[in-house]
Novice: 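Structure incoming, see below.
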Protein chains: 2
Amino acid sequence: MAKKKTSIKDIAEALGVSITTVSFILNGKAREKRISDEMTGKVQDYIKKIGYKPSHIAQSLRLGKSKIIVFMVEDISNQFFASIARLIEEKAYKNGYKIIYCSTENDTIKTKELISTFKMRNVDGFIITPTPGLEHVVRKLLEEDFAVVLFDRWIPDVDCSYVVVENKLSAKEATQHLIHQGCKNLGFVTVDSSQTQMNDRMDGFLEALIGTEAKSAILKVKFHTISEQEASRKILEFFSSHPELDGVFFSTNYLAFEGLHALIKLGKKIPEQIRLVSFDDHYFFNLFQPPITAIEQPIEEIAENLMDLMLKQLEHGEVQNNKIILPNKLNLRESSVYK
Amino acid sequence: MAKKKTSIKDIAEALGVSITTVSFILNGKAREKRISDEMTGKVQDYIKKIGYKPSHIAQSLRLGKSKIIVFMVEDISNQFFASIARLIEEKAYKNGYKIIYCSTENDTIKTKELISTFKMRNVDGFIITPTPGLEHVVRKLLEEDFAVVLFDRWIPDVDCSYVVVENKLSAKEATQHLIHQGCKNLGFVTVDSSQTQMNDRMDGFLEALIGTEAKSAILKVKFHTISEQEASRKILEFFSSHPELDGVFFSTNYLAFEGLHALIKLGKKIPEQIRLVSFDDHYFFNLFQPPITAIEQPIEEIAENLMDLMLKQLEHGEVQNNKIILPNKLNLRESSVYK
DNA sequence: TTATTCTGCTAAAAGGTTTTACCTAAATTA
DNA sequence: TAATTTAGGTAAAACCTTTTAGCAGAATAA
């Protein structure tokens, strides 16, 4: 019913004081502004009594800050991104910030549009998994003094803070692990895009092969631009046309899921006939029989660093080019010893 | 650098017209307000030229609407909630709304605090998975004319819109399925809380037993209030102390994951020794060997209905007590025929 | 005593919109 | 011709804060 919110003005009138006085008291500047303790008490009591809360919108307008951070990821329903969302949420709320999310679908046009609408929404900061071709927009954002932190991948030619992981090193280690297990014909399944993290993973894979006699076969799937069935078919096709493969590296977990599906269909014995390794660990990999080796990204640290950089930029206007690269953890599992 | 945003006033001055005129044109009321086409064109050209976008904050203040919906779920990193988040996002953005998320952790105090801060943020609508003891707050929200839609579970004594699924019926069907497969000793593993959806699932399970000779054993785990290890231990303990069980119903997928873990540890053969059924389907259930039967909630429909109800309330101030109950799909799988 | 400082408080502007109420000159109607 | 309507616009209030600049009176200093 009574949608009418009480404002500072109402309080001032009810108490017969000025708006200014109430505002000072509300903002803890009573002492500083020489409001008597008596008056302060009176106003505070009244505010508590009627349960007044200031309008954040009016504050935003006046102060030019919305206390909102936008979290733009490829797909919020992806386990990895959802987990990060969960973790940054806590820190944001603790510091008085709210988080708006959106999924870019790795679509540059869509992402640009989203950024443009967020700008007019006066959001204070952007946490972004950049799509290809976003250089200009991000540069503009920085010029206009927005707080920006990239993650998961970064943009080579833009001097912007980011938090990523050691993609190349971890991929190399995991590949070497396959080689040590005796694999001679290695497959690499990745998404067909120029995202830096995927490139780095492939570089790591290739580097591990140097100086060994292992052979390799690579499949790039346009995972998000084609239908899931089609992606699935491509992967199945890859494995049927490469029966020699005795080890596979999946550059991300959803590819591994599809790959697993395909290999089971083909009747391959894991790990006897073919060994698997995947980037992005998942509860599932530990539960599958046999459990599957995977590279675990340090999501707590990623989230922590993301919000640290973001808050630093927001509160102190700190330098914008903090580059953080975190180590991953290789969870060895396919030893068939379940624990 | 140039953080100074151009405002309607700047445009008015530059063109030597009044603010009102510009505003009318911006809001497509030029004709209605009898602004000449010539003037309209001039202003529109200028606006396009300088790329002006109105300040949403100022609009919010003036109109009392923020065009923000808050999505309050138990845990945004949970696959089910994250998937819904992804789907409602699209519809929200299409209608000019943004979505703020937060995780309640099923903690009533925390939830109340969150709602309170959102109110002063002037959010327009609330989509909530209600925690126990939230009756008052939700009722208040409705009284104050906020748009509210509950989902996943509802609050018995409050007349508020919601979108839920046929928990009881589906649980009953799944249990009957176990019985038809020949299970005589059924376990039911659920979370220890009074959430309506969990109660309904248990009711369905129990109802399926009526008139049969099957026996049952029930475990309630305080999943979120105790550590994950401890929950895991409880479940392991349950299965070791109930070796007679030849069928289990898990009331949600993360319990099934833990249960699976425990059963594998105990060396149980699935499905020969014990058959499994879980609420909330998951990619994983189809991939596991043998694949596991599960009840799939219609997340697209849930999301669709959620946003429909929400937008109806927001745009037309429609009646608030729309109760939608959607059917689930029982995905039969443990037949060991992999497809 | 006069000049200065301090105490306690307030008026008003600014932030960017939307919208109501109104104005003037030209055109139409009676 | 006189009265009314229409065309084309505008001034100003309202939404709710924060903050600057300042005011009157009391206390202190010179």
Side-chain angles (χ1 to χ4, degrees), chain A residues 3-44 46-47 50-67 96 117 119-124, chain B residues 3-44 47 50-68 96 119-124 145:
Chain A
K3 184 88 191 193
K4 182 74 181 68
K5 299 261 295 176
T6 53
S7 73
I8 265 193
K9 194 175 163 193
D10 300 325
I11 297 172
E13 274 169 12
L15 261 44
V17 298
S18 81
I19 291 179
T20 314
T21 306
V22 180
S23 177
F24 284 155
I25 293 171
L26 276 168
N27 292 296
K29 299 188 179 170
R31 272 269 155 65
E32 178 193 336
K33 297 292 182 177
R34 295 185 311 236
I35 307 296
S36 67
D37 289 0
E38 189 197 0
M39 171 71 81
T40 304
K42 198 170 80 178
V43 172
Q44 279 172 341
Y46 186 74
I47 286 168
I50 64 164
Y52 165 82
K53 303 277 174 185
S55 150
H56 260 262
I57 301 241
Q59 287 178 326
S60 295
L61 179 59
R62 172 66 228 232
L63 301 174
K65 297 283 165 203
S66 62
K67 288 274 183 174
T117 60
K119 274 165 121 176
M120 73 184 174
R121 278 264 183 196
N122 283 52
V123 308
D124 296 342
Chain B
K3 183 93 191 190
K4 182 73 180 68
K5 299 260 295 177
T6 54
S7 72
I8 263 191
K9 194 175 162 191
D10 300 326
I11 297 172
E13 273 168 12
L15 260 46
V17 299
S18 81
I19 291 179
T20 313
T21 305
V22 179
S23 178
F24 284 154
I25 293 170
L26 277 168
N27 293 295
K29 300 188 178 170
R31 273 271 155 66
E32 175 192 341
K33 297 292 182 180
R34 294 186 312 233
I35 307 296
S36 67
D37 290 359
E38 187 197 359
M39 170 71 78
T40 304
K42 198 171 79 179
V43 172
Q44 279 172 341
I47 285 169
I50 65 166
Y52 165 81
K53 303 276 173 185
S55 151
H56 262 260
I57 301 240
Q59 287 178 324
S60 295
L61 179 61
R62 172 66 228 232
L63 301 174
K65 297 283 165 205
S66 61
K67 288 272 182 178
I68 289 182
K119 274 165 120 177
M120 73 186 177
R121 278 268 182 190
N122 283 51
V123 309
D124 296 343
D145 270 346

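Order of the sequence lines fixes the chain letters, A, B, ..., with proteins taken first and strands second; residue numbering starts at 1 for each chain.
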Novice: Ignoring hydrogens, what is the shortest heavy-atom contact between A:Ile25 and A:Gln44? Give both atom names and the distance.
Specialist: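 Smallest interatomic distance, heavy atoms only, reads CG2-CG, 3.8 Å.
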Novice: Report the distance from atom NZ of B:Lys65 to atom C1' of D:dC15, rounded to the nearest whole Å.
Specialist: 14 Å
Novice: Nearest-Å distance, CD1 (A:Ile35) to P (C:dG8)?
Specialist: 9 Å
Novice: Kindly say if A:Ser55 contacts the phosphate of D:dC15, meaning a side-chain N or O under 4.0 Å from OP1 or OP2.
Specialist: no
Novice: A:Val17 side chain: which of D:dT17, C:dT10, D:dT10 is closest?
Specialist: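 The closest nucleotide is C:dT10.
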Novice: Separation of A:Ile25 atom CD1 from C:dC9 atom P, in whole Å?
Specialist: 8 Å
Novice: Between A:Ile57 and B:Ser66, what is the shortest heavy-atom contact and its length?
Specialist: CD1-CB, 4.0 Å
Novice: As a test of reading the structure: which of C:dC9, D:dG9, C:dG16 is closest to the side chain of B:Met39, going by heavy atoms?
Specialist: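 Closest nucleotide among those given: D:dG9.
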Novice: Counting just side-chain N and O atoms, does A:Tyr52 come under 4.0 Å of either OP1 or OP2 of D:dC16?
Specialist: no
Novice: Taking atom CG of A:Leu61 and atom OG of B:Ser55, what is their separation to the nearest 0.5 Å?
Specialist: 6.0 Å
Novice: Over how many whole Å does the gap from B:Leu61 atom CG to C:dA14 atom P extend?
Specialist: 17 Å
Novice: Could you check if a side-chain atom of B:Gln59 sits within less than 4.5 angstrom of a side-chain atom of B:Pro54, using non-hydrogen atoms only?
Specialist: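 Yes, side chains in contact.
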Novice: Would you indicate which nucleotide in D:dT17, D:dT10, C:dT10 comes nearest to any side-chain atom of A:Gln59?
Specialist: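 The answer is D:dT17.
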Novice: Over how many whole Å does the gap from A:Arg31 atom CZ to C:dC6 atom P extend?
Specialist: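 After rounding, the reported distance stands at 17 Å.
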Novice: Please give, in whole Å, the distance from D:dT17 P to A:Lys67 NZ?
Specialist: 17 Å
Novice: For the residue pair A:Thr40 and A:Phe24, establish whether any side-chain heavy-atom pair is separated by less than 4.5 Å.
Specialist: no
Novice: Considering all heavy atoms of both residues, which atom of A:Met120 and which atom of B:Lys53 are nearest to each other, and what is their separation?
Specialist: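 That closest heavy-atom pairing would be SD-CB, 3.6 Å.
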Novice: By nearest heavy atom, map B:Thr40 and B:Ala58 onto DNA chain D; which one lands nearer the 5' end?
Specialist: B:Thr40
Novice: Measure all distances between protein nitrogen or oxygen atoms and nitrogen or oxygen atoms of nucleotides 19-26 of chain D, and list the pairs falling under 3.5 Å.
Specialist:
residue, atom, partner, partner atom, Å
D:dT19, OP2, A:Lys29, NZ, 2.9
D:dT19, O4, A:Thr20, OG1, 3.4

Novice: Quick one: B:Glu38 CD to D:dG8 P, roughly how many Å, whole number?
Specialist: 10 Å
Novice: Using atom CD of A:Glu13 as one end and atom C1' of D:dC16 as the other, report the distance to the nearest whole Å.
Specialist: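 It works out to 13 Å between those atoms.
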Novice: With A:Ile47, which of A:Ile8, A:Thr6, A:Ile11 fulfils side chain to side chain contact (heavy atoms under 4.5 Å, CB included)?
Specialist: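 In the set A:Ile8, A:Thr6, A:Ile11, the residue that makes a side chain to side chain contact (heavy atoms under 4.5 Å, CB included) with A:Ile47 is A:Ile11.
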